[in-house]
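Notes follow once the structure below has been shown.
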Amino acid sequence: MIRIAICCGEGFASGFLSRHLATATVKENLQNEVQFVFIPFYQLYDRQNEVDIAMALPHIHPQVQSDKREYSIPIYIIPYKVVIKPSAREYLEDAEDLLKLADGKGGLICFPGEERFQYVNRLESHRRWLAKQK
C-alpha cells in the first residue's frame, strides 16, 4: 500500500483532487494498493510520517522549493497537464516510479527531463509516456 499526500497551500485544489482520486481508487479497484490523503503543505513536515510520498500542486512550487527543512519523504511537483487528467492508477504508477528513483531519500524530486515541470506535456503517467516514446 502506497500512501500519497496531495498538497497545496490552503487545501481547496488539493482537497478537491484528493477526494477525486479517493473516489477513482474505488472505481479502479485499487483500495489495497493506494491511499490518497489530503495534507495542506504547511502541515506536511509535521505529518510526513503518515505518507510515503507527497505530490504537490504546481502553484505552490515556490513554497516547496524555498522550504529548507529536511524531509524524509520525496516531494513531487505535479506538472500542470498531469493534473488535468487524474487517474488513480496513473498517480500510483508515478508514485511507484518516483519512490524507486528517490531510493529512500526525501525532498524535492522529479523525473529526469522534467526539471521544468511547467513545460511537461504528458497527459498520463511518466511510465506510460515513456513506453509510447519507444
Side-chain angles (χ1 to χ4, degrees):
M1 167 77 73
I2 294 179
R3 302 165 302 159
I4 302 171
I6 303 294
C7 304
C8 77
E10 293 297 321
F12 179 73
S14 58
F16 175 80
L17 180 59
S18 64
R19 283 189 302 277
H20 172 82
L21 290 168
T23 300
T25 298
V26 174
K27 288 180 183 174
E28 298 174 39
N29 198 27
L30 297 171
Q31 305 91 305
N32 296 326
E33 296 179 52
V34 66
Q35 178 184 23
F36 294 96
V37 179
F38 157 66
I39 300 178
F41 184 70
Y42 70 89
Q43 293 179 2
L44 182 63
Y45 185 79
D46 294 328
R47 295 179 59 191
Q48 63 185 311
N49 64 327
E50 297 175 27
V51 294
D52 302 302
I53 185 171
M55 293 185 166
L57 290 163
H59 65 275
I60 67 161
H61 179 254
Q63 264 182 278
V64 176
Q65 195 171 34
S66 66
D67 188 350
K68 300 303 177 198
R69 295 176 289 186
E70 290 192 30
Y71 285 82
S72 60
I73 60 169
I75 304 170
Y76 174 65
I77 303 297
I78 306 166
Y80 287 104
K81 288 201 174 179
V82 175
V83 174
I84 294 170
K85 191 177 173 190
S87 150
R89 178 159 309 280
E90 292 184 66
Y91 273 72
L92 173 58
E93 289 172 0
D94 276 350
E96 289 170 338
D97 296 341
L98 287 162
L99 286 166
K100 286 178 190 169
L101 188 63
D103 194 28
K105 295 181 181 130
L108 204 52
I109 189 170
C110 68
F111 289 109
E114 293 191 356
E115 292 78 10
R116 296 176 61 177
F117 67 91
Q118 56 272 54
Y119 298 108
V120 173
N121 287 319
R122 63 183 170 87
L123 291 170
E124 58 206 337
S125 71
H126 188 261
R127 178 187 304 176
R128 292 173 192 230
W129 178 81
L130 275 179
K132 289 180 179 178
Q133 303 307 305
K134 295 180 181 183

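- Under the 4.5 Å side-chain heavy-atom criterion for Ile, Leu, Val, Met, Phe, Trp and Tyr, Leu57 and Leu98 are members of the same hydrophobic cluster.
- Here the straight-line distance linking atom CD1 of Ile78 with atom SG of Cys8 works out to 9.5 Å at 0.5 Å rounding.
- The existence of a salt bridge linking Arg3 and Glu50 is excluded, since no basic side-chain nitrogen approaches an acidic carboxylate oxygen closer than 4.0 Å.
- Rounding to the nearest 0.5 angstrom, the gap separating the CD1 atom in Ile109 from the CD atom in Glu114 is 11.5 Å.
- For the pair Val64/Leu108, a side-chain contact is recorded, criterion being any heavy-atom separation below 4.5 Å from C-beta on.
- Counting only heavy atoms from C-beta outward, the side chains of Leu21 and Thr23 never approach each other to under 4.5 Å.
- Note: the hydrophobic cluster containing Tyr76 also contains Ile4 (ILVMFWY, side chain heavy atoms under 4.5 Å, direct or indirect links).
- At least one donor-acceptor pair closer than 3.5 Å links the side chain of Arg122 to the backbone N or O of Glu124.
- The closest side-chain heavy-atom distance from Ile75 to Asp67 is not below 4.5 Å.
- Side-chain heavy atoms closer than 4.5 Å link hydrophobic residues (I, L, V, M, F, W, Y) into clusters, and following such links, possibly through other members, connects Ile2 to Leu17.
- Put simply, NZ on Lys81 and CG on Asn121 are 4.5 Å apart, with the number rounded to the nearest 0.5 Å.
- With hydrogens and angles disregarded, no donor-acceptor distance shorter than 3.5 Å links the side chain of Gln35 to the backbone of Gln31.
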Go through the steps for Asp97 and Phe111 under the test side chain to side chain contact (heavy atoms under 4.5 Å, CB included), then give the verdict.
-> CA-CA 9 Å; Asp97 296 341; Phe111 289 109; 3.8 Å; yes
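- Salt-bridge annotation for Arg127 and Glu90: absent, with no side-chain N of the basic residue lying under 4.0 Å from a carboxylate O of the acidic one.
- By the 6.0 Å contact criterion, CD on Glu70 is open, its count of non-hydrogen atoms from other residues, nucleotides or ligands being 12 or less.
- Distance check, rounded to the nearest 0.5 Å: CG of Leu99 to CD1 of Ile53 gives 4.5 Å.
- A donor-acceptor contact shorter than 3.5 Å links the side chain of Glu115 to the backbone of Gly113.
- Listed for the Glu28 side chain is no donor-acceptor partner under 3.5 Å among the backbone atoms of Thr25.
- There is no path of hydrophobic side-chain contacts, each under 4.5 Å, that joins Tyr45 to Ile6.
- You'll find the side chain of Ile60 reaches within 4.5 Å of the side chain of Phe41, heavy atoms only.
- Under the 4.5 Å side-chain criterion, counting only non-hydrogen atoms from C-beta, Arg128 is in contact with Glu93.
- Rounding to the nearest 0.5 Å places SG of Cys7 at 6.0 Å from CD1 of Ile39.
- Note on Asp94 versus Arg89: no salt bridge recorded, every NZ/NE/NH1/NH2 to OD/OE distance being 4.0 Å or above.
- Partners of His61 under the ring pair (Phe, Tyr, Trp, His ring centres under 6.0 Å) rule, at least two apart in sequence or in another chain, are Phe117.
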Are Asp46 and Arg69 close enough, and set up right, to give a salt bridge (Lys or Arg N to Asp or Glu O under 4.0 Å), and what steps lead you there?
-> CA-CA 11 Å; Asp46 294 328; Arg69 295 176 289 186; 5.3 Å; no
